[in-house]
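Here is the structure we will look at, set down as structure tokens.
Scope of the values below: all heavy atoms of this structure, side chains included, with no hydrogens, waters or symmetry mates.
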2 protein chains.
Amino acid sequence: MADAANKCARQRFLEFLAQKNLRMTGQRRAIIETVFSTEEHFTAEQLLEWSRRRDKSVSRATVYRTLPLLTESGLVREMDFGKEHKFYDPNYAEHPRHNHIICQDCGKIVEFESEKIEHVENEISRRLGYAVKSHRLQITATCEEFRQRGKCSKKRP
Amino acid sequence: MADAANKCARQRFLEFLAQKNLRMTGQRRAIIETVFSTEEHFTAEQLLEWSRRRDKSVSRATVYRTLPLLTESGLVREMDFGKEHKFYDPNYAEHPRHNHIICQDCGKIVEFESEKIEHVENEISRRLGYAVKSHRLQITATCEEFRQRGKCSKKRP
DNA sequence: ATCAATGCAAATAATTTGCAAAAAG
DNA sequence: CTTTTTGCAAATTATTTGCATTGAT
């Protein structure tokens with residue numbers, strides 16, 4: 001099922017490139033394949049490393065030049081989790097409105113959608129004179145394991 | 001009313017320093033006064049400039065060393081609005097749970113609180129096995145003026 | 001052919017840090 | 001007196017950019 005969706009995301013990105021008269025290159029192909037075959041959030045550096053496994057010629061500069069295209073297309077979103085570097089989330093192609101719950105201890109992230117929240121957001125915004133275009137909701141929380149054991153096994157240092 | 005609240009925020013920060021056996025210095029005093037006498041969001045650079053108006057001896061290093069104390073105290077929160085630098089929001093002392101609506105065009109920011117949203121967040125989190133500790137909600141929207149005139153007068157380039 | 005895209009290495013920009021001197025408690 | 005804090009300047013880190021060359025269309 002991820003495959004069908006990924007094919008779709010890739011397809012959409014190709015259309016985005018075509019629309020802007022941008023060219024398909026081997027490096028871009030490697031980067032795009034990498035991005036849309038994971039559901040994990042990644043950093044620029046990780047994307048470089050993973051893309052290089054597909055095509056050794058991918059350079060850091062090209063990764064940094066491709067990332068803005070990906071975010072501009074709306075298929076990938078830049079995330080700030082308060083870490084030293086930015087993360088990128090490739091799941092906006094499939095779930096354009098999803099939110100995040102992050103475990104305070106281990107950093108494990110769960111994604112969810114909520115029409116109820118969106119409804120309240122729309123209502124409040126309208127009352128304040130705004131029309132919602134997009135939203136970004138991050139919940140910091142403790143996961144079950146943390147509350148039971150005092151620490152998470154998934155924690156990485 | 002901002003005064004009473006600000007006095008309170010300052011007070012709370014002093015207690016935070018005392019608790020950690022940290023010292024009050026002229027430079028810290030200038031920075032703290034600056035932070036808690038505005039409701040505006042600011043960058044590190046702006047904080048430096050404003051603090052220097054109160055005490056010329058404040059250095060960039062001290063600002064950068066004080067900022068983590070402010071965020072650690074919970075009275076100020078680091079914000080990512082997708083700009084090149086981080087912003088800091090001094091209004092968490094008075095409104096610990098507030099959210100942001102940002103105009104897509106002019107960047108004007110309105111703050112609001114919503115128990116209804118928090119309630120839904122708690123419910124969903126519980127269902128997923130998480131207990132909410134804090135949340136961060138940013139709505140990007142168009143303001144009334146933008147929709148009527150096609151651009152905002154508050155826009156700064 | 002034409003112009004976009006690339007890798008490289010140098011440049012930028014925000015933030016952090018080492019250190020000797022100054023100031024707080 | 002002891003220990004924290006400071007300013008300075010140098011260091012670090014992520015990201016961006018100029019340029020000559022390569023590659024897509």
Starting the side chain at C-beta, find the nucleotide from C/dT15, C/dC19, D/dT4 nearest to B/Lys86.
C/dT15
Could you tell me the separation between the CG atom of B/Leu67 and the P atom of C/dT15, rounded to a whole number of Å?
8 Å
According to the interplanar angle, ranging from 0 to 90°, do the rings of A/Phe16 and A/Phe13 count as parallel (below 30°), tilted (30 to 60°) or perpendicular (above 60°)?
parallel
Here the distance between atom P of D/dT12 and atom NE2 of A/His85, to the nearest Å, is 17 Å
d(CG, B/Leu22; P, D/dT2) in whole Å
21 Å
Whole-Å distance, A/Lys56 NZ to C/dC8 P, equals 11 Å
If you pin B/Thr25 and B/Arg60 to their nearest nucleotides in DNA chain C, which one's is more 5'?
B/Arg60
Taking the six-membered ring for Trp, are B/Phe42 and B/Tyr88 parallel (under 30°), tilted (30 to 60°) or perpendicular (over 60°)?
parallel
Neighbour count above 12 (heavy atom, 6.0 Å) for A/Arg97 CZ:
no
How close do A/Asn99 and A/Glu113 get, counting heavy atoms only, and between which atoms?
ND2-CA, 4.2 Å
Please evaluate the base of D/dT3 for a donor-acceptor partner in the side chain of B/Arg23 within a cut-off of under 3.5 Å?
yes
To the nearest angstrom, how far is A/Tyr88 atom OH from D/dA14 atom P?
12 Å
If the cut-off is 4.0 Å, is A/Tyr64 near the phosphate of D/dT16, judged by side-chain N/O to OP1 or OP2?
no
In this structure, how many angstroms lie between the C1' atom of C/dC8 and the CZ atom of A/Arg52, rounded?
11 Å
Under the salt bridge (charged side-chain N to carboxylate O under 4.0 Å, His left out) criterion, do A/Glu33 and A/Arg29 qualify, and how do the steps go?
CA-CA 6 Å; A/Glu33 281 301 312; A/Arg29 205 184 323 276; over 6 Å; no
Starting at the 5' end of DNA chain C and moving along, which residue's nearest nucleotide shows up first, B/Arg65 or B/Met24?
B/Arg65
Residues in contact with DNA chain D, drawn from residues 27-34 of chain A - heavy-atom cutoff 4.0 Å:
none
Under 4.0 Å between a side-chain nitrogen and a carboxylate oxygen: does that hold for A/Lys108 and A/Glu145?
no
Just how far, in rounded Å, is C1' of D/dT22 from CG of A/Asp55?
14 Å
In this structure, how many angstroms lie between the P atom of C/dA24 and the CG atom of B/Leu14, rounded?
15 Å
Between B/His41 and B/Phe81, how do the two ring planes meet: parallel, tilted or perpendicular, split at 30° and 60°?
parallel
